[in-house]
Amino acid sequence: AVAMGSGSTASNTGSVSIGANAQATQYSEFAHSSGRFTTSGDAQYSRFVARNLTTDGTATELFLDGSTSRLTLDDDSMYSFNIMVTAMEYGSGNESAWWHVRGGIARNDTFFVSSPAIIGTNTVDTGNAGGSSTNWTFTATADTTNGSLKLEVQNVGAGPGTNVKWVAVVEVAKVSV
């Protein structure tokens with residue numbers, strides 16, 4: 001972990017924080033801030049990279065460390081997000097696809113019956129190389145069990161042995177109260 005700047009902290013594996021009062025608390029998080037309202041990390045930009053592999057048509061979550069670390073949300077916080085996803089078949093084919101998803105998510109147990117919650121409707125752009133990749137899917141949803149932004153992929157219609165590598169870059173602007 002590396003922290004540079006006044007009041008900035010980086011406390012997780014591979015995390016980096018720069019600027020004034022940035023907080024990088026999640027796996028390989030890159031955080032940047034130009035100051036704070038009340039506490040460090042309450043007004044900042046962060047970037048994350050999530051990944052996973054699929055070998056069949058089962059819905060699969062992307063994780064920051066590739067296996068268990070979710071993009072968890074601080075309570076009493078609002079996030080706008082920009083997610084870029086790239087997927088490519090490996091081993092037996094060369095199908096590929098991409099998604100660009102923009103939206104917002106908030107976590108505030110006082111105001112939402114189910115928290116976190118997606119705010120508004122996500123905007124989705126997508127493209128693919130044809131073939132079976134036209135059926136692949138990506139969704140960004142609120143995970144109320146884990147208090148996280150859930151990134152889920154699926155190579156729908158793919159049979160066993162259809163191996164796909166998935167990578168998502170997630171940028172967030174966060175404000176906390």
Side-chain angles (χ1 to χ4, degrees), residues 12-16 24-32 44-75 77-107 112-174:
N12 205 320
T13 303
S15 63
V16 176
T25 60
Q26 299 193 58
Y27 185 90
S28 286
E29 176 181 5
F30 175 87
H32 179 241
Q44 72 180 30
Y45 159 87
S46 291
R47 186 176 61 235
F48 306 88
V49 178
R51 60 189 164 82
N52 213 334
L53 305 169
T54 55
T55 58
D56 58 27
T58 304
T60 302
E61 188 170 357
L62 303 183
F63 295 100
L64 301 179
D65 63 354
S67 60
T68 60
S69 292
R70 291 180 169 86
L71 200 166
T72 56
L73 308 169
D74 294 338
D75 197 22
S77 296
M78 174 67 196
Y79 299 76
S80 59
F81 56 79
N82 179 44
I83 305 170
M84 297 169 286
V85 180
T86 306
M88 187 165 196
E89 187 177 8
Y90 67 98
S92 61
N94 60 358
E95 300 292 334
S96 58
W98 63 268
W99 294 259
H100 186 191
V101 179
R102 294 170 305 282
I105 189 168
R107 182 172 182 189
F112 299 114
V113 173
S114 182
S115 185
I118 294 291
I119 305 301
T121 303
N122 292 347
T123 302
V124 180
D125 295 313
T126 186
N128 60 70
S132 66
S133 65
T134 60
N135 297 318
W136 298 354
T137 64
F138 169 76
T139 57
T141 59
D143 180 342
T144 58
T145 301
N146 296 297
S148 64
L149 176 61
K150 186 174 186 177
L151 310 172
E152 192 169 66
V153 299
Q154 189 171 14
N155 46 336
V156 178
T162 303
N163 302 315
V164 180
K165 293 181 179 182
W166 302 80
V167 175
V169 174
V170 182
E171 299 174 309
V172 299
K174 177 184 89 170

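All figures in this text were calculated on a predicted structure; none of them were measured in a lab. What you see below is based on every heavy atom in this structure, not just the backbone, and it leaves out hydrogens, waters and symmetry mates.
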Contact check, side chains of S46 and E29, non-hydrogen atoms, under 4.5 Å: yes
Non-hydrogen side-chain atoms of V153 and T137 separated by less than 4.5 Å: no
D75, CG: over 12 other non-hydrogen atoms inside 6.0 angstrom: yes
Pairwise distance CG(N52) to CG(D65) - rounded to 0.5 angstrom: 9.5 Å
D125/R102 salt bridge by N-O under 4.0 Å criterion: yes
Taking every non-hydrogen atom, the tightest pair across S132 and E95: OG-CG, 3.7 Å
Side chain to side chain, I83 and V169, heavy atoms closer than 4.5 Å: no
Interatomic spacing from CG in L71 to CG in N146 - rounded to 0.5 Å: 12.0 Å
L73 backbone acceptor or donor facing R107 side chain under 3.5 Å: yes
Any side-chain heavy-atom pair of N12 and T25 under 4.5 Å: no
Separation between CG of D143 and OG of S148, rounded to the nearest 0.5 Å: 3.5 Å
Test side chain to side chain contact (heavy atoms under 4.5 Å, CB included) applied to W166 and T60, V85, L53, the passing residue: V85
Side-chain ion pair, D74 and K174, N-O less than 4.0 Å: yes
Minimum side-chain heavy-atom gap F81-V101 below 4.5 Å: yes
Euclidean distance, N163 CG relative to M88 CE, rounded to 0.5 Å: 13.0 Å
Student check: side-chain heavy atoms of F30 and V49 closer than 4.5 Å: no
Residues E89, K165: salt bridge by 4.0 Å N-O rule: no
Under 3.5 Å: donor-acceptor pair, side chain of Q44, backbone of A31: no
Side chain proximity check, W99 to W136, heavy atoms < 4.5 angstrom: yes
Side chain S69, main chain F63, donor-acceptor under 3.5 Å: no
Shortest non-hydrogen contact from G104 toward M78: CA-CE, 4.0 Å
Those residues that, when tested against T86, pass side chain to side chain contact (heavy atoms under 4.5 Å, CB included) (two or more places apart): none
Verdict with reasoning, R70 to E61, per side chain to side chain contact (heavy atoms under 4.5 Å, CB included): CA-CA 9 Å; R70 291 180 169 86; E61 188 170 357; 3.2 Å; yes
Any side-chain heavy-atom pair of T162 and D56 under 4.5 Å: no
